[in-house]
Number of protein chains: 2
Amino acid sequence: MSTNPVEEFSVGMPRNYLRPCLLLLLAEGTSHGYELLDQVTALGLDRADPGSLYRCLRAMDEEALVHSFWEPSTSGPARRTYALTDEGREWLHAIAGSLAEVSRALDAYHRRYQKLVEQDEHAR
Amino acid sequence: MSTNPVEEFSVGMPRNYLRPCLLLLLAEGTSHGYELLDQVTALGLDRADPGSLYRCLRAMDEEALVHSFWEPSTSGPARRTYALTDEGREWLHAIAGSLAEVSRALDAYHRRYQKLVEQDEHAR
DNA sequence: CTTCTGTATGTGCACCATACACATAGCATC
DNA sequence: GATGCTATGTGTATGGTGCACATACAGAAG
């Protein structure tokens, strides 16, 4: 066996992917950071960094894409609950569009890759 | 109309996307930097940065994923032509797999977004 | 009461991919 | 000999991301 392919190299999720994820989840309903930390895993961000997530929420709050309020918990510390604003919803639609472009690019890549693989198999 | 949505914010292509693009294109045939600069646009990287591209090629050369040789041009300066190695081809397959994971994540996002849009339309 | 675990939010910082600007050189043409 | 296109590079600042760490509340266990 040759040296480990893809040694410590990995393609990551799209740049700034966290923000669209949070906007989408908050469009589905209000939530708080610790809960969102789990929910984003369903969108491809496993073991997302808490620091980045809280910072992203805070930034969107300052940009008025979301607004936040403290909410006591029945068991555990209080939560800063976030809700999407109208402006945030506009952003969600715009960002979903540009994410679709990324998706189309990846599809183009995959089609081209598959074509290559088929040619290689045919050549054997 | 409110302030411009997505003001100077944009989701980008996946992190390290340039490398898989170059590996795929070189798997289709030998090429050189200046030509690849045009070819990557077909994979979603429009107006790719020449500096980043040449640096990426150089790095993959040092990692023996590709090898290069100077080739004179019939009209114009000489070209450093790159060709994929066997190890580079292994990487291509591995990276194509992880790119497919990203693609699945984006599909999950899109499905969830569409579901939300449909619910909003139904609620009107 | 003290400790431990789980919930919940946050800051500091270093790394590195990306983008921008810029430099160099060959070759053809006017 | 100046301009324009081809072709390859370097220097550097910015910014997103991830890692480490700090804080605090609450319940349960010992």
Side-chain angles (χ1 to χ4, degrees), chain A residues 7-22 30-41 43-63 66 68-82 95 98-99 102, chain B residues 6-22 30-41 43-63 66 68-82 95 98-99 102 105:
Chain A
E7 36 185 319
E8 75 195 56
F9 178 89
S10 70
V11 303
M13 297 301 293
R15 214 150 72 73
N16 285 321
Y17 183 58
L18 181 57
R19 184 180 283 234
C21 285
L22 296 178
T30 63
S31 186
H32 57 93
Y34 194 79
E35 190 181 30
L36 290 165
L37 205 54
D38 284 342
Q39 295 178 320
V40 291
T41 62
L43 296 173
L45 289 171
D46 39 328
R47 73 200 191 300
D49 176 50
S52 302
L53 189 141
Y54 285 114
R55 256 190 283 258
C56 189
L57 287 171
R58 201 50 93 70
M60 291 194 296
D61 199 348
E62 286 167 8
E63 295 173 36
V66 299
S68 64
F69 52 93
W70 285 98
E71 206 172 19
S73 170
T74 58
S75 68
R79 300 157 173 170
R80 185 189 285 264
T81 300
Y82 289 89
I95 290 184
S98 63
L99 262 186
V102 176
Chain B
V6 192
E7 37 185 317
E8 77 194 58
F9 177 90
S10 69
V11 303
M13 297 303 292
R15 203 149 124 293
N16 285 322
Y17 184 58
L18 182 57
R19 185 180 281 235
C21 285
L22 295 178
T30 63
S31 187
H32 60 275
Y34 194 80
E35 190 180 31
L36 291 165
L37 206 54
D38 284 341
Q39 295 179 322
V40 290
T41 62
L43 297 173
L45 288 171
D46 38 329
R47 74 203 190 300
D49 177 50
S52 301
L53 189 141
Y54 286 114
R55 255 191 282 255
C56 189
L57 287 171
R58 198 53 88 73
M60 291 194 297
D61 199 349
E62 286 168 9
E63 296 172 36
V66 299
S68 63
F69 51 95
W70 285 99
E71 206 172 18
S73 170
T74 58
S75 69
R79 301 158 174 170
R80 186 189 284 263
T81 299
Y82 289 90
I95 290 185
S98 62
L99 261 186
V102 176

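Here the structure is a predicted model, which is why all the values come from computation and not from measurement. By convention in this document, chain letters (A, B, ...) are assigned in the order of the sequence lines, proteins followed by strands, and residues within each chain are numbered from 1.
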Q. Is a side-chain N or O of A:Asn16 found less than 3.5 angstrom from the main chain of B:Ser10, in a donor-acceptor match?
A. yes
Q.
Rounded to whole Å, how long is the line connecting atom NE2 of A:His32 with atom P of C:dA8?
A. 5 Å
Q | Contact check, side chains of B:Tyr82 and B:Met60, non-hydrogen atoms, under 4.5 Å | A | no
Q: Could you give me the CA-CA distance, side-chain angles and deciding distance for A:Leu45 and A:Cys21, then say whether side-chain contact (heavy atoms from CB on, under 4.5 Å) is met?
A: CA-CA 9 Å; A:Leu45 289 171; A:Cys21 285; 4.0 Å; yes
Q: Any chance you could measure B:Ser52, atom OG, to B:Arg19, atom CZ, to the nearest 0.5 Å?
A: 12.5 Å
(Q) Can you work out whether B:Tyr34 or A:Ser75 has the more 5'-proximal nearest nucleotide on DNA chain D? (A) B:Tyr34
(Q) Just the rounded figure in Å: distance from P of D:dC5 to CD of B:Glu35. (A) 19 Å
Q) Can you tell me if the side-chain N/O atoms of B:Arg15 get under 4.0 Å from OP1 or OP2 in C:dC16? A) no
Q. Taking for each residue the nucleotide of DNA chain C with the nearest heavy atom, is it A:Leu37 or B:Arg47 whose nucleotide lies nearer the 5' end?
A. A:Leu37
**Q.** Any donor-acceptor N/O pair under 3.5 Å between D:dG16 base and A:Arg55 side chain
**A.** no
Q: For B:Arg80 and C:dA25, give me the distance from atom CZ to atom C1', rounded to whole Å.
A: 14 Å
**Q.** Nearest-nucleotide 5' precedence on DNA chain D, B:Arg58 against B:Gly76
**A.** B:Gly76
Q) In whole angstrom, what separates A:Trp70's CH2 from D:dA24's P? A) 13 Å
(Q) Distance check needed: D:dG16 P versus A:Leu18 CG, whole Å only. (A) 11 Å
Q: Report the distance from atom CG of A:Asp49 to atom C1' of D:dA20, rounded to the nearest whole Å.
A: 10 Å
Q) What's the shortest heavy-atom distance between A:Gly33 and A:Leu57, and which atoms? A) CA-CD1, 3.9 Å
Q. Base, sugar-phosphate, or nothing for A:Gly12, non-hydrogen atoms under 4.0 angstrom?
A. nothing
Q: Figure out the CG/P separation between A:Leu53 and C:dT7, and round it to whole Å.
A: 16 Å
**Q.** Whole-Å distance separating the CG atom of B:Asp61 from the P atom of D:dG9
**A.** 10 Å
**Q.** B:Arg79 side chain near D:dA7 phosphate (N/O to OP1/OP2, under 4.0 Å)
**A.** yes
